[in-house]
Amino acid sequence: MKLELGIGQRTESVEIPDQNLTDVLTPNPMQYERMGEEEVRYALEHPIGSRRLREIVKPGEKIAVVTSDISRPMPTFTAMPAVLDELYAAGVRKEDITLVFALGSHRKQTEEEKRHLAGERAWNEIRCIDGDPEDVVNMGTTSRGTPVDIVRVVAEADRRICLGNIEYHYFAGYSGGAKAIMPGCSTWNAIQANHSMMVREESHAGNIATNPVRQDIEEACSMVGVDFILNVVLNEHKKIVKAVAGDVTEAHRVGCEYLDRLYAKKIKKQADIVIVSQGGAPKDLNLYQTQKALDNSKHAVREGGIIILVGSCREGLGNPVFDQWFREASCPQDIIDRLNRGFKLGGHKAAAVAQVMNRASIYMVSDMAPDFVRSIFMTPFATVQEAYDAAQKKLGGNADVIVMPYGGSTLPQVENA
């Protein structure tokens with residue numbers, strides 16, 4: 001069978017014998033009742049665990065609408081017209097609304113990036129700013145020791161409305177919900193304290209009930225207070241196919257359940273070879289982002305198997321600490337040991353990659369220089385076909401294969417595991 005995989009702005013093809021191909025993990029078929037802005041408006045009209053937004057806010061109140069930055073696929077420009085209409089229907093003035101981009105530990109954005117994310121209407125009608133992690137209000141400390149330092153414009157608002165998209169997160173379980181506040185509107189130190197719990201066994205994609213990272217995030221959020229959320233689920237083409245609105249926890253959980261119906265993929269057993277792609281640009285710009293697909297693929301590969309990771313990574317590793325930890329390591333275990341000695345943002349993703357390397361060999365098809373790929377303990381290949389042929393030669397002609405064309409979104413789950 002011939003398959004196409006996205007890499008950057010192009011596709012790569014690979015031919016796999018039918019008898020070797022166990023499964024191709026694409027999103028589960030779903031019937032969408034509504035899409036895009038129509039679905040957003042429907043969610044706002046039918047909130048979960050909450051009154052309508054227009055019944056919550058009042059004239060004269062200062063409103064902070066928190067949304068994702070450029071590193072996330074949340075289509076804020078699609079959601080904001082409906083959100084603004086709800087606020088205006090309550091009598092809220094334009095000058096009392098601020099759209100705050102939750103940067104977390106990410107870089108500041110350009111004016112062009114902010115304008116693109118906000119959409120023309122919001123950009124022209126209300127204030128649109130990056131959250132400033134240097135100007136925060138301390139609102140206490142969680143029971144797990146995470147300082148709740150929140151961007152001032154958000155902390156001091158009368159009402160906080162959080163937007164976001166829900167997808168699998170490799171140690172917080174799922175994105176969305178309270179994550180807009182923590183880590184979105186927090187400081188480096190707070191994020192580091194929260195993320196240090198990623199090493200615990202319960203901190204993994206798809207787990208929310210017993211996940212200490214998510215529990216800490218939601219405790220921090222409860223100390224700040226969120227009045228309303230609007231979260232969306234995107235299909236593989238980044239279009240809104242589901243929106244949930246209302247209570248920060250109840251609405252979020254409904255969105256997570258929908259995500260599972262769309263993207264959780266049951267497999268009978270783990271495969272010898274897993275071929276995984278982020279799906280192409282923009283999600284495979286660097287290895288820091290492509291790591292999400294790699295981490296999901298570890299659930300599909302057997303111990304001692306091979307993962308063929310397909311991602312452009314034309315900007316390299318994408319984070320200076322991530323890069324440093326690889327350069328200063330003599331083997332993957334060095335990185336894991338370093339994290340155990342002391343947690344550091346950026347290094348945490350290097351350790352996550354190293355943990356996958358301890359499970360399986362990684363063959364890398366990318367736009368990075370071959371020598372550089374070797375220096376980060378992966379085996380470089382020019383094409384997916386060459387990588388697959390080499391993997392089959394190493395593991396034998398009967399090696400079975402699972403392909404994940406949208407690896408950052410699909411989560412393999414072994415049946416009866």
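All values reported here derive from a predicted model rather than from experimental measurement.
- Counting heavy atoms from C-beta outward, L5 and V403 have side chains that approach closer than 4.5 Å.
- The side-chain contact (heavy atoms from CB on, under 4.5 Å) test applied to E86 returns L44, R52, L53, R54, not counting sequence neighbours.
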Would you please test Y168 and D260 for side chain to side chain donor-acceptor pair (under 3.5 Å) and show each step?
CA-CA 9 Å; Y168 292 114; D260 286 343; 2.6 Å; yes
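- Side-chain contact between R121 and L84 is present, with at least one heavy-atom pair separated by less than 4.5 Å.
- Side-chain contact between M182 and M223: absent, with no pair of heavy atoms (C-beta onward) separated by less than 4.5 Å.
- Not counting sequence neighbours, N286 has no partner by the side chain to side chain donor-acceptor pair (under 3.5 Å) test.
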Go through the steps to decide whether T67 and M80 satisfy the test side chain to side chain contact (heavy atoms under 4.5 Å, CB included), and finish with yes or no.
CA-CA 10 Å; T67 195; M80 279 306 294; over 6 Å; no
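- No more than 12 heavy atoms of other residues, nucleotides or ligands lie within 6.0 Å of NZ in K239, so this atom counts as exposed by the packing criterion.
- To the nearest 0.5 Å, the span separating OG on S409 from CD on Q278 amounts to 7.5 Å.
- Scanning all heavy atoms of the two residues, the minimum distance from A329 to F377 falls at O-CZ, 3.4 Å.
- In terms of the side chain to side chain donor-acceptor pair (under 3.5 Å) criterion, residue partners of D69 (sequence neighbours excluded) are, by chain and number, S71, H106.
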Verdict with reasoning, I166 to Y258, per side chain to side chain contact (heavy atoms under 4.5 Å, CB included)
CA-CA 10 Å; I166 301 175; Y258 185 91; over 6 Å; no
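- From E12, atom CD reaches atom CG of L3 across 13.0 Å, with rounding to the nearest 0.5 Å.
- In this structure, H169 and F171 have perpendicular ring planes: the angle between them is above 60°, well past the 30° mark.
- Between H348 and Y170, the two ring planes are parallel [angle under 30°; tilted spans 30° to 60°].
- A pairwise comparison of heavy atoms in R159 and V57 identifies CG-CG1, 4.0 Å as the closest pair.
- Under the rule for a side chain to side chain donor-acceptor pair (under 3.5 Å), the partners of Q385 that lie at least two apart in sequence or sit in another chain are D389.
- Aromatic ring orientation, Y363 versus F381: tilted (interplanar angle from 30° to 60°).
- A354 meets the side-chain contact (heavy atoms from CB on, under 4.5 Å) test with P332, I335, I336; sequence neighbours excluded.
- Note that OH of Y288 is 4.5 Å distant from CG of N319, once rounded to the nearest 0.5 Å.
- Note that K114 lies outside the cation-pi zone of F101, set by a 6.0 Å cut-off to the ring centre and a 45° limit from the axis.
- Rounding to the nearest 0.5 angstrom, the gap separating the OG atom in S312 from the CD atom in Q289 is 13.0 Å.
- Residue pairs meeting the salt bridge (Lys or Arg N to Asp or Glu O under 4.0 Å) criterion with at least one member in residues 160-181, sequence neighbours excluded, are E167-K283.
- The aromatic rings of F77 and H116 sit tilted, their planes meeting at an angle between 30° and 60°.
- T210 is linked by a side chain to side chain donor-acceptor pair (under 3.5 Å) to N207, counting only residues two or more places apart in sequence or in another chain.
- At least one side-chain heavy atom of K349 sits less than 4.5 Å from a side-chain heavy atom of K292.
- With sequence neighbours excluded, the residues satisfying salt bridge (charged side-chain N to carboxylate O under 4.0 Å, His left out) with R115 are E120.
- Between atom CG of residue L309 and atom CE of residue M404 there is a gap of 10.5 Å, rounded to the nearest 0.5 Å.
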Might you work through the side chain to side chain donor-acceptor pair (under 3.5 Å) test for Y388 and Q392, ending with a clear yes or no?
CA-CA 6 Å; Y388 171 66; Q392 190 183 49; 3.1 Å; yes
Begin from the C-alpha positions of V66 and V151 and carry the test side chain to side chain contact (heavy atoms under 4.5 Å, CB included) through to its verdict.
CA-CA 11 Å; V66 180; V151 169; over 6 Å; no
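- When side chains are defined from C-beta on, D400 counts as touching K269, because their heavy atoms get closer than 4.5 Å.
- Looking only at side-chain heavy atoms (C-beta outward), R152 and V136 stay at 4.5 Å or farther from each other.
- If you take CD1 on I150 and OG1 on T187, they are separated by 8.0 Å, rounding to the nearest 0.5 Å.
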Is there a side chain to side chain contact (heavy atoms under 4.5 Å, CB included) between N211 and Y174 once you walk through the steps?
CA-CA 10 Å; N211 190 315; Y174 300 81; over 6 Å; no
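- Between W123 and E111, the shortest heavy-atom distance links the atoms CH2-OE1, 3.4 Å.
- The number of heavy-atom neighbours closer than 6.0 Å to CD of E201, taken from other residues, nucleotides and ligands shown, is 12 or below.
- In this view, T98 and V100, R127, I129, V153 satisfy the side-chain contact (heavy atoms from CB on, under 4.5 Å) rule, not counting sequence neighbours.
- Nearest approach of V233 to G255, heavy atoms of both residues: CG2-O, 3.9 Å.
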Derivation of the side chain to side chain donor-acceptor pair (under 3.5 Å) call for E219 and T142
CA-CA 6 Å; E219 182 183 351; T142 69; 4.5 Å; no
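- Annotation: R314, atom CZ; neighbour count of heavy atoms from other residues, nucleotides and ligands within 6.0 Å does not exceed 12.
- Partners of P370 under the side-chain contact (heavy atoms from CB on, under 4.5 Å) rule, at least two apart in sequence or in another chain, are R374, P380.
- Between P73 and K238, the closest heavy-atom pair is CB-CD, 4.1 Å.
- With sequence neighbours excluded, no residue forms a salt bridge (charged side-chain N to carboxylate O under 4.0 Å, His left out) with E33.
- Crowding of N398 atom CG: a count of heavy atoms from other residues, nucleotides or ligands under 6.0 Å not exceeding 12.
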Do D130 and K108 pass the salt bridge (Lys or Arg N to Asp or Glu O under 4.0 Å) test, and can you show the C-alpha distance, the side-chain angles, and the key distance before you say yes or no?
CA-CA 7 Å; D130 281 344; K108 292 182 179 179; over 6 Å; no
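- No option in R302, R359, K298, H299 other than R359 meets the side chain to side chain donor-acceptor pair (under 3.5 Å) test with Q270.
- At a threshold of 4.5 Å between non-hydrogen side-chain atoms, the residues I181 and C162 count as touching.
- Residue pairs meeting the side-chain hydrogen bond (donor to acceptor under 3.5 Å, both in side chains) criterion with at least one partner in residues 242-257, sequence neighbours excluded, are E218-R253.
- Considering only heavy atoms from C-beta on, V148 stays 4.5 Å or farther from T146 through its side chain.
- Between S297 and V274, the shortest heavy-atom contact is CB-CG1, 3.9 Å.
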